[in-house]
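Reading through the structure tokens given below for one structure.
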Protein chains: 2
Amino acid sequence: MNDANQAEGDSMKITTPPQDVYPSMTVSHGDGENKIAPIKLGQRLKEIRKTLGLTLEEASQKTGLARSTLSKIENEQISPTFQAMQKLTSGLQIDIPQLFAVPKQLSATGRRDITRFEEGKTHPTSTYEHELLAVQLTNKKMMPFKSLVRARSFEDYSGWIRHDGEEFLLVLEGEITFFSEFYEPVNLNKGDSVYYDANMGHMLISASEQDALILWVTAS
Amino acid sequence: MNDANQAEGDSMKITTPPQDVYPSMTVSHGDGENKIAPIKLGQRLKEIRKTLGLTLEEASQKTGLARSTLSKIENEQISPTFQAMQKLTSGLQIDIPQLFAVPKQLSATGRRDITRFEEGKTHPTSTYEHELLAVQLTNKKMMPFKSLVRARSFEDYSGWIRHDGEEFLLVLEGEITFFSEFYEPVNLNKGDSVYYDANMGHMLISASEQDALILWVTAS
DNA sequence: CAACAATATTTCCTTTTGGAAACTTATGAC
DNA sequence: GTCATAAGTTTCCAAAAGGAAATATTGTTG
């Protein structure tokens, strides 16, 4: 289906998308492989402690965990409870993500995930039917998903939807009414879109008899 | 046994978008800017499960943890072990930092920008006809735009397009062939989407007779 | 609202963790 | 080398987590 003619174009128009769109051009080649390595908690913890120049006894004092417990954790003899991990991280002044930091998330170049039509991960709720896209990639900057907005009424909701980040919404099919905390409701038809701060209360309903289909992208 | 903070529960349960949506966390190591003081792990987990539309039973299947255990974790009756948390995060496809993300409440500026169908800011090039959306908002986390893809062959380009950030693409009309540096070309039809690291060279052409229409969202 | 099904919580018991102390292994001084 | 001391590991037991099944709660249908 694809006769990829790898022919390298000579010199034509360099199609550079609108300037506003592409802030900076960084050409960096990465490995191209994005592996989620298994986390060796104990090992990692030991490294951290050593780096800090602490003995088990000192670490014990700082964290409030017993020497023996620390030893066992480091040697992977036990799996610490969340509670213990909190003591660890606060006592040693490290933050949790650091503990779990997958060594090289940095050069995450070369990731790609295709989601075919209606083959996303669906998550039905009473008012929406969400279809998550690109679910194979984690740690994304954006979260795209489609939603089937059921033809219902305002009363189906118990309050504003509100969450961190910004949201972009595009109507793919149908017609919706978009409510938001600081603005009047607006009707959005197929092709219309709205970009808003998701901390602002918002919600939407299908404005017509049929269900509406929208695309949603969120970034925090 | 149950100091149970069930109080605020009811009126707050709203249909929020899927959880992967809220990365809101410093992914990379680095400083300790993170205040991870009040983590309500159970509460947070419950939210996540709900937004994924899962029952305890289903979550149990996916994670391999017993229903009862999940329940107890969600209700903060036990402090899960690291092992349990790993099962949780891998089973539910969430990543750990996310679990600890402090839902930081920042000033909700309440910005909003509606772009009506075909009323964005157009930006024609030889290969595309871009239509920028939500142009009235500056300093956005995401840059959404539609593009009419005119390019028909590889030669229309002079090389890979490459820029900072991540990109999400959804085919609105027509059919395109998506080329990328580290993968084989793929054909994408209406409704298909792809998410990729924009540092990876990429480009696309219309695969059919007509021009294709796509939605593009970029975040850096 | 009874009856039923689906979901969530609690109980009861087994397995595992966490801690004090005993034990073992470095590291040094003499 | 012996002795002394610090660092790390293992033992043993109380306390807490994890799982199966019972119980409670919620939601649906006639």
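Basis for what follows: all heavy atoms, side chains included, without hydrogens, waters or symmetry-related copies. The chains referred to below are lettered A, B, ... by the order of the sequence lines, with proteins before strands, and numbering in each begins at 1. Just so it is clear, the model here is predicted, and its values are computed rather than measured.
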Rounded to the nearest angstrom, tell me the gap between atom CD1 in B:I78 and atom C1' in D:dA15. 14 Å
Please give, in whole Å, the distance from C:dT17 P to A:L88 CG? 15 Å
Taking the minimum atom-to-atom distance to the side chain of A:R49, which one of C:dT9, D:dG8, C:dA20 wins? D:dG8
Residue A:K87, side-chain heavy atoms: nucleotide from D:dT9, D:dA17, C:dG19 that is nearest: C:dG19
Expressed in angstrom and rounded to an integer, what is the separation of A:I73 atom CD1 from C:dG18 atom C1'? 9 Å
Determine whether B:Y183 and B:Y196 make a side-chain contact, defined as any pair of heavy atoms from C-beta on separated by less than 4.5 Å. no
Nearest whole angstrom, please: distance from the C1' of D:dA21 to the CD of B:E57. 13 Å
Applying a 4.0 Å non-hydrogen cut-off, can you work out what B:L56 is touching in the nucleic acid: base, sugar-phosphate, or nothing? base
Nearest to side-chain heavy atoms of A:K72, which nucleotide of D:dT9, C:dT11, D:dT11: D:dT11
To the side chain of A:Q77, which of D:dT10, C:dC12, C:dG18 is closest? D:dT10
Testing C:dA8, D:dA17, C:dG19 for proximity to the side chain of A:L65, the answer is C:dG19
Among the nucleotides C:dA22, C:dG18, D:dG18, whichever has the atom closest to the side chain of A:R67 is C:dA22
Does any non-hydrogen side-chain atom of B:K146 lie less than 4.5 Å from one of B:L148? no
Would you indicate what B:T55 reaches in the nucleic acid, counting non-hydrogen atoms under 4.0 angstrom: base, sugar-phosphate, or nothing? sugar-phosphate
To the nearest angstrom, the CG-P distance between B:L54 and C:dA6 comes to 17 Å
Salt bridge check, A:R44 against A:E47: does any charged N sit closer than 4.0 Å to a carboxylate O? yes
Would B:Q83 and B:T81 satisfy side chain to side chain donor-acceptor pair (under 3.5 Å), going step by step from the backbone distance to the final call? CA-CA 5 Å; B:Q83 218 175 39; B:T81 61; 4.7 Å; no
Between B:E74 and B:Q83, the residue closer to the 5' end of DNA chain C by nearest nucleotide is B:E74
Ignoring backbone atoms, test whether A:N75 places a side-chain nitrogen or oxygen under 4.0 Å from the OP1 or OP2 oxygen of D:dG8. no
Fit a plane to each ring of B:H202 and B:F178, take the angle between them on a 0 to 90° scale, and name the class: parallel (under 30°), tilted (30 to 60°) or perpendicular (over 60°). parallel
Between C:dA21, C:dT9, D:dA17, which nucleotide gets closest to the side-chain atoms of A:S68? C:dA21
Is B:T81 touching bases, backbone alone, or none of the nucleic acid, heavy atoms closer than 4.0 Å? sugar-phosphate
To the nearest angstrom, the CD-C1' distance between A:Q61 and C:dG19 comes to 15 Å
What's the closest nucleotide to the side chain of B:S71 if the choices are C:dT10, D:dA17, D:dT11? C:dT10
Nucleotide C:dT9, atom P - distance to CD of B:E76 in whole Å: 12 Å
Can you check the A:K46 NZ to D:dT9 C1' distance for me, whole Å? 10 Å
Shortest non-hydrogen separation from A:S60 to A:L70 and the atoms involved: N-CD1, 3.5 Å
